[in-house]
Chemist: 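For reference, the structure I am asking about is given below.
Please read these numbers as outputs of a predicted model, since none were measured by experiment. Both ligands and their constituent atoms are indexed starting at 1 by order of listing.
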Amino acid sequence: MNADQLLARNLLSALASGGIEPYFQPIVSLDDGRILGFEVLARWNDPAQGSIAPDRFIPVADRFGLLDRLLDQLMRTSFKAAADWPHHLFLGFNVSPTQLRNSELATRIARAAVDSSFPLSRVHIEVTESGFIEDLNQPRRTLDRLINLGCMIAMDDFGTGYSSLTWLSSMPFSKLKIDASFVMAMHEHRQSRKIVAAVVGLGHSLGLAVVAEGVETTQQADLLRGMGCKLAQGYLFGRPTPASNVPRILSARVVSDCNSESAVPVSLELRAHQCSETCESDAAIAFMDPAGTVVASSTAFDRTMDVNRGEAAGRHIWDLIGVTPETFAELRATDLLNEQFPPIEETTAGGSLARIMIRPVKDESSELLGYSVEFAQPTSPKAS
Ligand code: C2E
Ligand code: CA
Ligand code: CA
């Protein structure tokens, strides 16, 4: 048995005995230091060998097909630990490109979240690209399914892969994480500074949220802020830490408006009802869940969509208006940055041009319930 085989065997028993623990590293807003979520990182403390680094055991786990099991266990433990944390916080999990080839991955993730009553809209999936995957169709299908379930997809370690731009343009990402090596070299190398600035610009022009990784100093944070980068992760803001430490970190950092204790839980249906009560009766408005299924719509909305009253509900929004899973990916990114999604122009069934506003609908603890879709203006005749 060689060293990797031995490691894989030990990992298997560590997985069986709960020897792998999730650690949580904050991802913060550079503007005000607010914690927006955590990346979940695997930690293995072997009783005999001590701590074994992820860089050592993750590639072996990947080769021996153990990553699905690892992910499942990390997710279930993390969802349980995070049950009492403020509901606006996301959890980011690492998924390898080989895992995306498995058509069951999305189902497994959904099952882990549903079993723990953890909303999939708070699950972010970080994927690194791989030069070894030729067929992008199955990974793309897996990611589309995850988006349809409400997850957000991040491209990890941007800048280190083989053909980052191909991967970036082929997959439905809404977040881009700039690899720590560029961030760490910013001070010494003008080149790295230029690369980081260009990547921040590239990400924003594609409608992506951009996270700088490996931020260790206030100088790096200042430089990034100056470049317009909004999100960061690194030792400056917090090292990966066990779940038991997270409440203490949160109470020290999270601003008061995220206090979930005092929040009254509301459902999307209730929100939709409240909104329709206050809306003008002829407002063309609908509400959809985070996965894009319409749950309620006004009479005017159904009329504008040219469907019978009540028939928009239950349908996917992309069967009604010209949005795609990419649009959802962008929506999630703009929401993460606290920005507004630009209006969508659409030709209605009646042939006139309309502006559609899509906005997130949240409960009192800032948890995403879904989206409202509203025709922003009365329809006007289409210019020919
Ligand atoms: P990653 O996804 O790029 O995760 C970030 C790594 O950078 C983590 O290393 C983290 O501890 C480290 N880091 C964060 N901030 C700083 C900083 O300011 N300075 C420095 N020097 N390092 C920082 P870690 O936990 O050792 O993980 C290494 C890699 O192993 C991860 O890189 C990820 O690719 C992989 N990994 C970790 N956990 C998992 C997992 O559960 N599943 C999979 N598939 N991969 C994992
Ligand atoms: Ca990562
Ligand atoms: Ca990374």
Chemist: Using the ring-ring contact (aromatic ring centres under 6.0 Å, His included) rule, pick out the option among F237, F90, F93, W85 that qualifies with F38.
Modeler: W85
Chemist: Do you see a donor-acceptor pair shorter than 3.5 Å between the side chains of R76 and Q73?
Modeler: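 Side chains of R76 and Q73: no pair found under 3.5 Å.
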Chemist: Just one of N148, L105, L136, I153 clears the side chain to side chain contact (heavy atoms under 4.5 Å, CB included) bar with L143, so which one?
Modeler: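 Single pass found, and it is I153.
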Chemist: Are R140 and D135 within salt-bridge range, i.e. N to O under 4.0 Å?
Modeler: no
Chemist: Who's the nearest protein heavy-atom neighbour of atom 38 (N) of ligand 1, and how far?
Modeler: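 Nearest protein contact, heavy atoms only, for atom 38 (N) of ligand 1 is A42 N, 3.1 Å.
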Chemist: For R43 and ligand 1, does the shortest N/O to N/O distance drop below 3.5 Å?
Modeler: yes
Chemist: Charged N to carboxylate O below 4.0 Å: is that the case for R111 and D72?
Modeler: no
Chemist: Taking everything shown except R193 itself, do over 12 heavy atoms lie less than 6.0 Å from its CZ?
Modeler: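 Counting other residues, nucleotides and ligands, CZ of R193 exceeds 12 neighbours.
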Chemist: Do protein heavy atoms approach atom 41 (O) of ligand 1 to less than 4.0 Å?
Modeler: yes
Chemist: With rounding to the nearest 0.5 Å, note down the distance linking CZ in F79 to CG in L91.
Modeler: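 If we round to the nearest 0.5 Å, F79:CZ and L91:CG are 6.5 Å apart.
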Chemist: Please state which part of E213 comes within less than 4.0 Å of ligand 1, counting heavy atoms only: side chain, backbone, both or neither.
Modeler: side chain
Chemist: Among all protein heavy atoms in this structure, tell me which lies nearest to atom 6 (C) of ligand 1, with the distance rounded to 0.1 Å.
Modeler: L41 CD2, 4.7 Å
Chemist: Flag atom 34 (O) of ligand 1 as yes if some protein heavy-atom distance to it falls below 4.0 Å, otherwise no.
Modeler: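 No; the ligand atom in question lacks any protein heavy-atom contact below 4.0 Å.
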Chemist: Is I58 touching ligand 1 with its side chain, its backbone, both, or neither, if touching means heavy atoms under 4.0 Å apart?
Modeler: side chain
Chemist: Select one of side chain, backbone, both or neither to describe which atoms of T128 lie under 4.0 Å from any atom of ligand 1, heavy atoms only.
Modeler: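 The answer is neither.
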Chemist: If we set the cut-off at 4.0 Å for heavy atoms, which region of P240 has an atom near ligand 1: side chain, backbone, both, or neither?
Modeler: side chain
Chemist: Is any side-chain N of the basic residue among K177 and E39 closer than 4.0 Å to the acidic one's carboxylate O?
Modeler: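 A salt bridge is present here (some side-chain N lies under 4.0 Å from a carboxylate O).
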Chemist: Among side-chain atoms of N308 and D302, is any donor-acceptor pair under 3.5 angstrom?
Modeler: no
Chemist: At less than 3.0 Å, would any N/O/S atom of D157, backbone or side chain, sit next to the Ca ion (ligand 2)?
Modeler: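 Here the distance criterion (N, O or S atom, under 3.0 Å) is not met by D157, so no.
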Chemist: Would you call the rings of F173 and W167 parallel, tilted or perpendicular if under 30° counts as parallel and over 60° as perpendicular?
Modeler: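 Aromatic pair F173/W167 classed tilted.
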Chemist: Which of the numbered atoms in ligand 1 are below 4.0 angstrom from a heavy atom of L74?
Modeler: 41 (O)
Chemist: Just jot down the ligand 1 atoms closer than 4.0 angstrom to any heavy atom of G234, in number order.
Modeler: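 That gives atoms 15 (N), 18 (O) of ligand 1.
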Chemist: Can a donor-acceptor pair be found between the side chains of Q99 and D68 at a distance below 3.5 Å?
Modeler: yes
Chemist: Can you confirm whether the side chains of S96 and D62 place a donor and an acceptor under 3.5 Å from each other?
Modeler: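 Checked: S96/D62 side chains pair up, N/O donor to acceptor below 3.5 Å.
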Chemist: Need the ligand 1 atom indices (1-based, order shown) with element for anything under 4.0 Å from a heavy-atom of D55.
Modeler: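 With D55 as reference, the close atoms of ligand 1 come out as 28 (C), 29 (C), 30 (O).
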Chemist: Quick check on atom 20 (C) of ligand 1 - does any protein heavy atom sit closer than 4.0 Å to it?
Modeler: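 So far as the 4.0 Å threshold goes, atom 20 (C) of ligand 1 is in reach of a protein heavy atom.
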Chemist: At what distance is the nearest protein heavy atom to atom 43 (C) of ligand 1, and which residue and atom is it?
Modeler: N94 CB, 3.5 Å
Chemist: If the cut-off is 4.0 Å to any non-hydrogen atom of M184, which atoms of ligand 1 fall inside it?
Modeler: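 Answer for ligand 1: 19 (N), 20 (C), 21 (N).
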Chemist: Please check if any side-chain donor atom of S29 sits under 3.5 Å from a side-chain acceptor atom of D31, or the reverse.
Modeler: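 Checked: S29/D31 side chains show no N/O donor-acceptor pair below 3.5 Å.
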Chemist: V215 heavy atoms, cut-off 4.0 Å: which ligand 1 atoms fall inside?
Modeler: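 Counting from 1, the qualifying ligand atoms are 18 (O).
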Chemist: Give a yes or no on whether D179 keeps an N, O or S atom under 3.0 Å from the Ca ion (ligand 3).
Modeler: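 Given the 3.0 Å cut-off, D179 does not count as a ligand of the Ca ion (ligand 3).
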Chemist: Any N/O/S atom, backbone or side chain, of N94 lying under 3.0 Å from the Ca ion (ligand 2)?
Modeler: yes
Chemist: What residue and heavy atom of the protein are closest to atom 15 (N) of ligand 1, and at what distance?
Modeler: Q25 NE2, 3.0 Å
Chemist: Could you identify the single nearest non-hydrogen protein atom to atom 18 (O) of ligand 1 and state the distance to 0.1 Å?
Modeler: Y235 N, 2.8 Å
Chemist: Please determine which of I249, N245, V40 meets the side chain to side chain contact (heavy atoms under 4.5 Å, CB included) test together with F24.
Modeler: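 Of all the options given, the one that passes is V40.
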Chemist: May I ask you to check whether D156 brings an N, O or S atom to under 3.0 Å from the Ca ion (ligand 2)?
Modeler: yes
Chemist: Rounded at 0.5 Å granularity, tell me how far CG in L336 sits from CD1 in I27.
Modeler: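 Separation between the atoms: 8.5 Å.
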Chemist: Under 4.0 Å and counting heavy atoms only, is there anything from the protein next to atom 11 (O) of ligand 1?
Modeler: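 Under 4.0 Å from atom 11 (O) of ligand 1, at least one protein heavy atom found.
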Chemist: Pick out which of R225, Q219, Q220 makes a side chain to side chain donor-acceptor pair (under 3.5 Å) with D222.
Modeler: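 The option that passes is R225.
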Chemist: What residue and atom, counting heavy atoms only, is the protein's closest point to atom 30 (O) of ligand 1, and at what distance?
Modeler: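 It is P54 CB, 3.5 Å.
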Chemist: Just let me know how E39 lines up against ligand 1, side chain, backbone, both or neither, with a heavy-atom cut-off below 4.0 Å.
Modeler: side chain
Chemist: With heavy-atom distances below 4.0 Å as the criterion, list the atoms of ligand 1 near D157.
Modeler: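 Those qualifying, in numeric order: 3 (O).
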Chemist: Go through ligand 1 atom by atom and flag the ones less than 4.0 Å from a non-hydrogen atom of E216.
Modeler: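 Within the 4.0 Å cut-off of E216, ligand 1 contributes 17 (C), 18 (O), 19 (N), 20 (C), 21 (N).
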